[in-house]
Every structure is written in C-alpha cells, then in structure tokens.
Number of protein chains: 2
Amino acid sequence: MALNTANSTPDDGDTSSHGHDPQSCEACEVRACGMCSSLSNGELDKLRRITRTREYKAGDQIFCDEEPLQNYAAIKQGIVKLSKILPDGRQQTLGLGFPPDFIGRTYGEENVCFASAVTDVTVCTFPKELFNDYLMRTPALEHKLFQLTLNELDTARDWMVMLGRMTALERTATMLLKFSTKRHLGVMDPPPIDGTVRFELPLTRSEISDFLGLTIETVSRQFTQLRHLGLIKIDQQRYIDILDYQGLMAVSGQE
Amino acid sequence: MALNTANSTPDDGDTSSHGHDPQSCEACEVRACGMCSSLSNGELDKLRRITRTREYKAGDQIFCDEEPLQNYAAIKQGIVKLSKILPDGRQQTLGLGFPPDFIGRTYGEENVCFASAVTDVTVCTFPKELFNDYLMRTPALEHKLFQLTLNELDTARDWMVMLGRMTALERTATMLLKFSTKRHLGVMDPPPIDGTVRFELPLTRSEISDFLGLTIETVSRQFTQLRHLGLIKIDQQRYIDILDYQGLMAVSGQE
DNA sequence: CGGTACTTTGAGAATCGTCAAAGATAGTGG
DNA sequence: CCACTATCTTTGACGATTCTCAAAGTACCG
C-alpha cells in the first residue's frame, strides 16, 4: 500500500507493510540525528501517537507526483529516490533520501514528485493534517525541518551545476565522490582500506543515468573510461574501489 | 560596497550605496507579501532597528560564493541572480530572486553561491548574528522563511528537470513561459494585449544561457526557431510577444 | 556618426544519444 | 549442481544535438 492511497495505481505490485506505533523511539537508529533530535522525550511521545511505521521493498513506489499529499515520512532505514517524470516519459532524479531525511512536501497540498524505494526501506509516517498541527505547536521541530530543507536546497543547487555545466565524465566522477564520502549511515559499506575507498553503489546504471541526466550507455562508457584511467575498479558491477582519489577529483571538474 | 565586505574583490566597480533605517516599512512595496508579512507592526519595529537599505546598479556583485556570510537581504526592488562558478569559469545560474525574496543562506557560515544584480536592485540588509537572534525569538518569521525556502526548493527541482532532461528548444520555451506568467511584481511589463502576452526579458542572451545550461549561440538559435515557428515575436532583442501560447506550451515539453 | 557590446548566423567538430547485439549476473527449477 | 532465463551492463556503429570558432549584423551611447 502506497503512502498515498487516494489514487494508488491498481496492480502495482506494492509489497509494503505497515505496523503500529513504534515501540522504541529511544532505540531508533535516527533518534539522535533526524527531525526527532529536536524533540524532548515528552514531545516525542506526542508525536509517536500519530506515527506509524511502514516498510517498502526495493522498487516500491512510496508516493506519486501530483497526488494529494496524505502522509509525511521520516526515513529510518534504506534509500529513497525522488524523481520527476515528463509527460513523454523522460525521468530526472531530484535527489536521494537517506536516514534520517524527511520526505513529503511540508505544508503542501499535493506531492511535487515521485518517491520510490531504492533499497528496502523503513519509514515512520505521519498523517498530514495531524502532523501540520503538531508542527505549528512545536517551533523546535519546525526549526529542525527548516534546516533539513536548507540542506536539501544546497544539494539541489549543487546538482543543478552538475546537470547544467558538467560533461558526462565529470558528472560520473562527481557522483562517485559524493557516494564515497557521504551518508554512510547504515547503508554503506566497509571503511577505507589503505589508500583506496570501497563502497557499494546502491543504484543501477539506469538509476544513475536518471540521476546524472544521461543515458545508461553513456554512464557505462564513463565507468569504462574511469577504469581505463586507473581511477576506479569495479567488482560485480556494483562495488566501486576508488584507486586514485585525487585523480578522480581532478576529472570531476571541481578542483 | 558589497554585502559581504570581508573578501570583497578590489576594483570591482561596485556602485552600490546604502542608507539608514528604512523610514517607512508601512509604505514598503513588499510589506504585505514578503517575510515581513509574518510580522506585527511591533515586531517589524524591532527588525527595522537592525535593517539598512542598500542599492545596487545592474551588474553589481551583491555577495560572493565561499565568502563569510555577513548579511542577509530582502529584495525590495529589482532582480537578483544567484549562480555558481566552476574552477575553470563555467557558470550556472541557480535561480532568480524577485521582490520579496530573501537571499543569503539562512543559518549558514558562508555564502553558497554568488549573487549579483540583474537590474538595479534595492534590498533591506540584516547583519547575520543579529538577524539570527531575532529569528530564534520570532517563530512566525522562521515559519515564513521556511515557506519561502520550500518554494525555492520546488523551483530548483523544476529547473533540475529542465537541465537534466530537456532539449535546448524545450528549455528556451519553458523559460519564456515562466517569465511570461510569473513575478510581474514591479519588474515586468504591460499586461496582455488581446491574445498575446508581451513582456521584457530582463536577461541578456549570456545570462539566459547561464540559466539554461546552454551557450549563447544555442539560445539565439532557439529564439530564431521559435520565431520561425510563429510562436513568438522579438522586438529590439528584449521584448517578447508570445503569439501562440498553446504552441509554446507544446514545444516546451511539459504538455 | 562611430565605437562598443550584444546578438545572430554559419561551418565544422565534439559530445552524447539511439539502435543493436553481445556479455555478465542473479534467480529458478530441474 | 547445472542449465536456463530474465535482467542488467557493456560495447560498437552511427546519427543528432549542441558546442566551438569565426564573422557579420544590430542596438545602444555618447
């Protein structure tokens, strides 16, 4: 069942499940770093009353663009992809959500993009109206969400530079660098071995191409070129070793 | 004098001037619609004490990327361009600020982009520390800034789709449509005449190309093509008549 | 009227996309 | 355990779009 149930497409093979109140916010992976970090235990108790946890399998749609916004969500585990689709099917990924990101257009009437699960995902969901009321009465939470939104805006603008002005090779290198350094929380892989950095790419080539504003084939060719330049090594198409961090920086176009 | 004076480049030909407390917030063009609309007259009085007005000539730099953030600003008049520049000089415009937008990275330590005046610009400026203090004590203002930021994020993501997935012609048409319908406040031109929409393009071809992630020449060719398609008419390279709104929508790729 | 800056147009080159096919991986069932 | 299949990825050839470089045209400002 999708987060928004109003217009959820039939036969969409959604395999999500939902539970009741999360029993242990105290033990939550993201209690200390996400939006809940702005809340006292007392305030958290109130929020918990309107919270449901929900799980999605990799590939599930979480909500749809232009659908009425019914629930917000906070990511507990997994990676969420936000994207827009043009009428003729062209797709552009807008960003990735990692724990403890908040998703759903705050104060919005409808969703402004699609959200789907890249990996298996666990979220806490909050009904829009109840959450808005809670938010109005809890300035500390609004402050925290504001800061998360400011970070999202910073990120979006960095990607705008990438999409507007970087070559395919630069985009690919830039993406690898971002993945190697950020957001290891819960989803990323072993720590650096000697000089090299190793991590698992959570996205397929198709998802990467939607992210970088390229085609699958072009992305694949850039990976090949980075391999031939001796900057990276690829195992099983998904595990990346950065062999030459400085070299990768140099071809990424950001000095 | 630039908004941030710490590292302001010498000989930058800056022609801005600054005044003292704005005498009449009540008469301000954006009192009712900008961030100040969240404030009572009493609260506004307090804010006014830390406010200075400042004016910039078209082309002036307002602040620089990676410079310490010293002042925030609210746009009273004119158009501000936000942009980033890659080490090798490639430039990407991130968005335009119109009255009553707020500029400066809220809660940031340094600027995350360049801001420059596209037209002559008048702003109210607020010293960072004092404004942050004020903001912390004024949840209604934070709420308002949050909403402005959410709108900026929506806009940035729309541009991401444009930059990542649209052709040169689609980008150009999309930009014209946005300019024709939005933000007529104080800076735009005569109202629609019969079926057609007429407005002045506030940007040069060079600024347009930085905005659309294209080159000057490509932008020019798209204008020519739109003219040949009978969708627009251009006077003096700056005044645009949209002759066929539906047609322009059709080539803009957004249905 | 002449100079400067901006815009348009043209020709050729480079990058990236499209189409097609082969190779690799993971999952399934015998 | 081993085919067998479906999906994803890589590679190649070719074509289209956009960029680069160059020059001509146009508007603006004294």
Side-chain angles (χ1 to χ4, degrees), chain A residues 13 15 57-59 81 86 88-92 118-120 162-176 200-229 232-240 251 253, chain B residues 13 57-59 86 88-92 118-120 162-176 200-229 232-240 251 253:
Chain A
T15 54
K57 291 288 180 198
K81 178 180 76 173
L86 291 172
D88 65 357
R90 282 174 290 178
Q91 186 168 350
Q92 177 63 50
V118 171
T119 62
D120 290 354
M162 186 200 73
L163 293 172
R165 289 300 181 201
M166 286 189 186
T167 65
L169 189 65
E170 289 171 332
R171 296 183 202 197
T172 307
T174 298
M175 177 214 59
L176 289 176
E200 178 178 356
L201 258 188
L203 305 177
T204 64
R205 295 292 182 275
S206 174
E207 288 169 322
I208 292 169
S209 68
D210 285 340
F211 203 89
L212 302 185
L214 301 167
T215 59
I216 295 180
E217 296 92 331
T218 298
V219 170
S220 180
R221 281 183 244 270
Q222 308 317 311
F223 275 111
T224 301
Q225 191 171 346
L226 290 174
R227 265 195 292 114
H228 291 162
L229 287 169
I232 64 171
K233 188 159 132 3
I234 305 177
D235 280 346
Q236 297 170 295
Q237 303 170 333
R238 274 182 314 137
Y239 295 91
I240 307 288
V251 300
Chain B
K57 292 290 179 195
L86 290 173
D88 65 356
R90 283 174 290 179
Q91 184 167 351
Q92 177 64 48
V118 171
T119 62
D120 289 355
M162 185 199 74
L163 294 171
R165 289 300 182 202
M166 287 189 183
T167 65
L169 190 65
E170 290 170 332
R171 296 183 201 198
T172 307
T174 298
M175 178 212 60
L176 290 176
E200 178 178 357
L201 258 188
L203 305 177
T204 65
R205 296 293 182 277
S206 174
E207 288 171 323
I208 292 169
S209 68
D210 285 340
F211 204 85
L212 303 185
L214 301 169
T215 59
I216 295 179
E217 297 92 330
T218 300
V219 170
S220 180
R221 281 184 245 272
Q222 309 316 310
F223 275 110
T224 301
Q225 191 172 344
L226 291 174
R227 264 194 293 117
H228 291 162
L229 289 169
I232 63 170
K233 188 158 131 6
I234 306 178
D235 281 345
Q236 297 168 294
Q237 304 170 331
R238 276 183 311 141
Y239 296 92
I240 307 287
V251 300

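Note on naming: letters A, B, ... go to the chains in the order of the sequence lines (proteins, then strands), and numbering restarts at 1 for each one.
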Near-strand residues of residues 209-220 of chain A, defined as heavy-atom separation under 4.0 angstrom from DNA chain D: A:Ile216, A:Glu217, A:Ser220
Spacing of [atom1] belonging to [X] relative to [atom2] belonging to [Y], to within rounding of 0.5 Å:
{"X": "B:Met162", "Y": "B:Glu170", "atom1": "CE", "atom2": "CD", "result": "11.0 Å"}
{"X": "B:Thr172", "Y": "B:Ile232", "atom1": "OG1", "atom2": "CD1", "result": "8.5 Å"}
{"X": "B:Thr119", "Y": "B:Lys57", "atom1": "OG1", "atom2": "NZ", "result": "11.0 Å"}
{"X": "B:Ile208", "Y": "B:Ser220", "atom1": "CD1", "atom2": "OG", "result": "9.5 Å"}
{"X": "A:Gln92", "Y": "B:Leu163", "atom1": "CD", "atom2": "CG", "result": "8.5 Å"}
{"X": "A:Gln222", "Y": "A:Arg205", "atom1": "CD", "atom2": "CZ", "result": "12.0 Å"}

May I have the distance from [X] (atom [atom1]) to [N] (atom [atom2]), rounded to whole angstrom?
{"X": "A:Arg90", "N": "C:dG17", "atom1": "CZ", "atom2": "C1'", "answer": "13 Å"}
{"X": "A:Arg205", "N": "C:dT25", "atom1": "CZ", "atom2": "C1'", "answer": "12 Å"}
{"X": "B:Leu226", "N": "C:dT7", "atom1": "CG", "atom2": "C1'", "answer": "16 Å"}
{"X": "A:Gln222", "N": "C:dC16", "atom1": "CD", "atom2": "P", "answer": "6 Å"}
{"X": "B:Leu203", "N": "C:dC6", "atom1": "CG", "atom2": "P", "answer": "13 Å"}

Going 5' to 3' along DNA chain D, which nucleotides are the first and last within contact of chain A (any atom under 4.0 Å from a heavy atom)? D:dT9 to D:dA13
Can you work out whether B:Ser206 or B:Arg221 has the more 5'-proximal nearest nucleotide on DNA chain C? B:Ser206
Want to settle it: does B:Gln237 or A:Leu169 sit nearer the 5' end of DNA chain C, counting the closest nucleotide to each? B:Gln237
With a 4.0 Å cut-off on heavy atoms, is A:Arg227 in touch with a base, just the backbone sugar-phosphate, or nothing at all? sugar-phosphate
Closest non-hydrogen atoms of B:Ser209 and B:Ile216, given as atom of the first, atom of the second and distance, are CB-N, 3.6 Å
Distance-minimising heavy-atom pair for B:Arg165 and A:Leu214: NH2-O, 2.9 Å
Would you say A:Leu212 and A:Met166 make side-chain contact, with heavy atoms under 4.5 Å? no
